[in-house]
Amino acid sequence: MNRQAVDAFASGLDSEVRQAIEAGTARVIENRSHTLAEDYSDLDGLRQLAGQVRQHALDHLDRYLPQAERRLRDNGVQVHYAPSADRALEIITGLVRASGTRVVTKSKSMASEELDLARRLADIGVEALETDLGEFVIQLDDDHPSHIVAPIIHKTRRNVADSFAKHGLGDFDDDPEVITRRARRFMRDKFLAAGVTITGANFISAESGRVAIVTNEGNARFGLAGADIHIALAGIEKVIARDRDLPLLLSLLVRSATGQRISSYVELVSGPRSASQPSGPREMHVVFLDSNRSRIVGGQTREILRCIRCGACMNTCPVYRQSSGHAYRGVYPGPVGTVLGPLLKGEDGFGELADLARASTLCGACGDVCPVNIPLPDLIARVRARSHREGTVSGDAGIPSMGGYSLIARHPGLWRLAMRFGRVLNWLPLRQLPLGVSRAWFTSRTLPRWRGGYFRRWLRSRKEGQDA
Ligand code: SF4
């Protein structure tokens, strides 16, 4: 158990990193709000509809998943099921080995992060090049993404330029255009040399077997154009019922993720290249990753599988914005990771990340922005309750404090007294006092200075002013 690890991580965060995250998330929140408000008069109605569309597919996954498999096979795609991340790795490394290639191009995919795929391919002597610019920088720095849409949100332009210079991609220059041009030049030869390209899948239609892949940089398309074999790795929850669900989901995904109206590239891949097509992979594989998802789909927190990976919940989350994605110790940070992280670990691993739910303020902001209407605060509370029930997070330090608050709040006389003397808290060495389990709470948190106690006085004086 790692109690209040998010708080501890946040308190040690470099101020430059904190500023980078603040600026990056604030920019996207603003763009998202403008675009959605301008384009949709009934955004909440649309979010509800999108939530129903996703939940319908999940509630009938036993029908839609086999249907998607049949359509994919009809389209000439080879379909594999991986019950675990280890099995998915076995399948993918097996396919790459059999192809004989030494270079693989890779698009950004959270499922592949679950497998730590690029590093595992490197272990077998295959260069797996991340072709999303952010992921490329992460790979250069041997770092981990800190956001599901903007993996290098914790880095500044200067950090990126430093890393390019360090890895021989040119002298220090933090002009974004120069950085992009250098990355493009470096990647171009790799795209041409790669025998296999690996992508994720934003959605897979059970109706047609089409695989939708969204990128902003065209890197997935370039990968598909250059490689002989395409492997799409997708969680089983990525299946949707119908093609006509796509416009709704894509519209909300892109606006929620970046505030754009349309992503620069949306690939709808229907299978390997046909005899009449001049280019494209001659072989295509879809690997469906379960990894505890089929357990989640029938459980108390099943709504989390609706997630379309837009990142809006983390952009808006005050805890994420203060602590960064790395504080969450898993592939999925922020509110979605607080729920999905421990659940994806399975029954035995749940406790490893269950403490994340205690770091949430339950302010509700994440639930308000989620484009597929996932009741995130409720789910976080359910994870909290489960971890408490199962004893995976022990010593619930918050409860005694809340008990004290509850006592004061229920007795007006005590409340008045507490308001009058509350400022004493500013002088007490709370971290040194023998407060039992509550001490841990104060040790890992910094209380703001007490500034309260004036409301009643203000109200009385206002009333007296009106009476006079
Ligand atoms: S939980 Fe909702 S807001 Fe968060 S990433 Fe998923 S879809 Fe986006």
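Heads up: numbering here begins at 1 and tracks the sequence. Atoms considered below: every heavy atom in the structure, side chains included; atoms not considered: hydrogens, waters and symmetry mates.
- Taking CG of D174 as the start and CG of N159 as the end, the distance is 10.0 Å to the nearest 0.5 Å.
- When atom types are taken as modelled, the side chain of S360 and the backbone of A357 share no donor-acceptor pair closer than 3.5 angstrom.
- Formation of a donor-acceptor pair under 3.5 Å by the R71 side chain with backbone atoms of G209 is not found in this model.
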(request) Show your working on side chain to side chain contact (heavy atoms under 4.5 Å, CB included) between F172 and R158 and close with a plain yes or no. (result) CA-CA 9 Å; F172 179 92; R158 191 172 51 73; 3.8 Å; yes
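- You'll find the side chain of L117 reaches within 4.5 Å of the side chain of I198, heavy atoms only.
- Contact check for R302 versus Q55: side-chain heavy atoms found under the 4.5 Å cut-off.
- Here the closest non-hydrogen pair linking G195 and A227 is O-CB, 3.7 Å.
- Without hydrogens or angle criteria, E303 side chain to G51 main chain gives no donor-acceptor distance under 3.5 Å.
- Between E38 and R261 the shortest side-chain heavy-atom distance falls below 4.5 Å.
- Between E127 and R102, none of the side-chain N atoms (NZ, or NE/NH1/NH2) sits under 4.0 Å from a carboxylate O, so this pair counts as no salt bridge.
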(message) Apply side chain to side chain contact (heavy atoms under 4.5 Å, CB included) to residues I21 and Y320 and explain how you reach the verdict.
(response) CA-CA 9 Å; I21 294 167; Y320 173 91; 4.0 Å; yes
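- The closest donor-acceptor contact from the side chain of E30 to the backbone of R27 lies at 3.5 Å or more, if one exists at all.
- Under 4.0 Å is where a charged nitrogen must lie from a carboxylate oxygen, and between E69 and R73 at least one such pair does.
- More than 12 heavy-atom neighbours from other residues, nucleotides or ligands sit within 6.0 angstrom of CG on D42.
- The main-chain N or O of L343 is never found under 3.5 Å from a side-chain atom of R295 such that the two would form a donor-acceptor pair.
- Under a cut-off of 6.0 angstrom, the local environment of CD in Q300 is sparse, with at most 12 non-hydrogen atoms contributed by other residues, nucleotides or ligands.
- Judged purely by atom type and a 3.5 angstrom limit, T131 uses its side chain to pair as donor or acceptor with the backbone of K106.
- When atom types are taken as modelled, the side chain of D143 and the backbone of I138 share no donor-acceptor pair closer than 3.5 angstrom.
- Distance CD1/I148 to SG/C307: 5.5 Å, rounded to 0.5 Å.
- Side chain to side chain, T301 and R382 fail the donor-acceptor criterion of an N or O pair below 3.5 Å.
- In this structure, R182 forms no cation-pi arrangement with F164, as its terminal cationic atom is not both closer than 6.0 Å to the ring centre and no more than 45° off the ring axis.
- Contact detail for V6 and L356: the closest heavy-atom pair is CG2-CD2, 3.7 Å.
- Between H56 and H60, the ring-plane angle classifies as tilted under the 30° and 60° cut-offs.
- Salt bridge status for D245 with R242: present, with a side-chain N to carboxylate O gap under 4.0 Å.
- Electrostatic pairing of R293 and D290 does not count as a salt bridge here, judged by no charged N lying under 4.0 Å from a carboxylate O.
- Side chains of E237 and V297 form no contact here, defined as non-hydrogen atoms less than 4.5 Å apart.
- The line from CG of L250 to CG of L268 is 7.5 Å long, rounded to the nearest 0.5 Å.
- A donor and an acceptor atom, one from each side chain of D243 and S205, are located under 3.5 Å apart.
- Note on R120 versus E114: no salt bridge recorded, every NZ/NE/NH1/NH2 to OD/OE distance being 4.0 Å or above.
- Taking all atoms of both residues into account, the shortest heavy-atom contact from A193 to T101 is O-OG1, 4.2 Å.
- Checking side-chain atoms of S256 against main-chain N and O of L253 turns up no donor-acceptor pair under 3.5 Å.
- Proximity of L376 to I304: side-chain heavy atoms (C-beta onward) are separated by under 4.5 Å at one or more points.
- Between R18 and R321 the shortest side-chain heavy-atom distance does not fall below 4.5 Å.
- Atoms CG and OG, on L233 and S109 in that order, are 5.0 Å from each other to the nearest 0.5 Å.
- Within the 4.5 Å cutoff, side-chain heavy atoms of L36 are placed close to those of L252.
- Nearest heavy-atom pair, I296 versus L340, reported as atom, atom and distance to 0.1 Å: CD1-CD1, 4.3 Å.
- No more than 12 heavy atoms of other residues, nucleotides or ligands shown are found within 6.0 angstrom of CG on D171.
- Heavy-atom neighbours of E177 CD from other residues, nucleotides or ligands within 6.0 Å: at or below the threshold of 12.
- To the nearest 0.5 angstrom, I236 atom CD1 is 9.0 Å from F288 atom CZ.
- For the side-chain hydrogen bond (donor to acceptor under 3.5 Å, both in side chains) with R255, the qualifying choice from T35, D39, N31 is D39, the only one to do so.
- Inspection of the N315 and H147 side chains reveals an N or O donor paired with an N or O acceptor under 3.5 Å.
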(request) List the steps, then state whether side chain to side chain contact (heavy atoms under 4.5 Å, CB included) holds for T25 with I153. (result) CA-CA 8 Å; T25 50; I153 197 166; 3.8 Å; yes
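- The number of heavy atoms from other shown groups lying within 6.0 Å of CZ (R119) is above 12.
- Within the 4.5 Å cutoff, the side chain of T197 has no heavy atoms near those of the F191 side chain.
- To the nearest 0.5 Å, atom NE2 of residue H230 and atom OG1 of residue T199 are 3.0 Å apart.
- A salt bridge links D355 and R329; the closest N-O separation between the charged side-chain nitrogens and carboxylate oxygens is under 4.0 Å.
- Using a 4.0 Å cut-off between a side-chain N of Lys or Arg and a carboxylate O of Asp or Glu, E135 and K108 do not qualify as a salt bridge.
- For the pair N75 (side chain) and V77 (backbone), a donor-acceptor distance under 3.5 Å is absent.
- Under a 3.5 Å cut-off, the side chain of N373 and the backbone N or O of D44 do not form any donor-acceptor pair.
- Contact record, A212 with L246: CB-CD2, 4.0 Å, taken as the closest heavy-atom pair.
- V104 and V126 make their closest contact through CG2-CG1, 3.6 Å (heavy atoms, listed as atom of the first residue, atom of the second, distance).
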(message) One pair to check against side chain to side chain contact (heavy atoms under 4.5 Å, CB included): V369 and R32. What are the steps and the verdict?
(response) CA-CA 10 Å; V369 296; R32 171 197 168 275; 3.6 Å; yes
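- No donor-acceptor contact under 3.5 angstrom links the side chains of E113 and Y332, judged on distance only.
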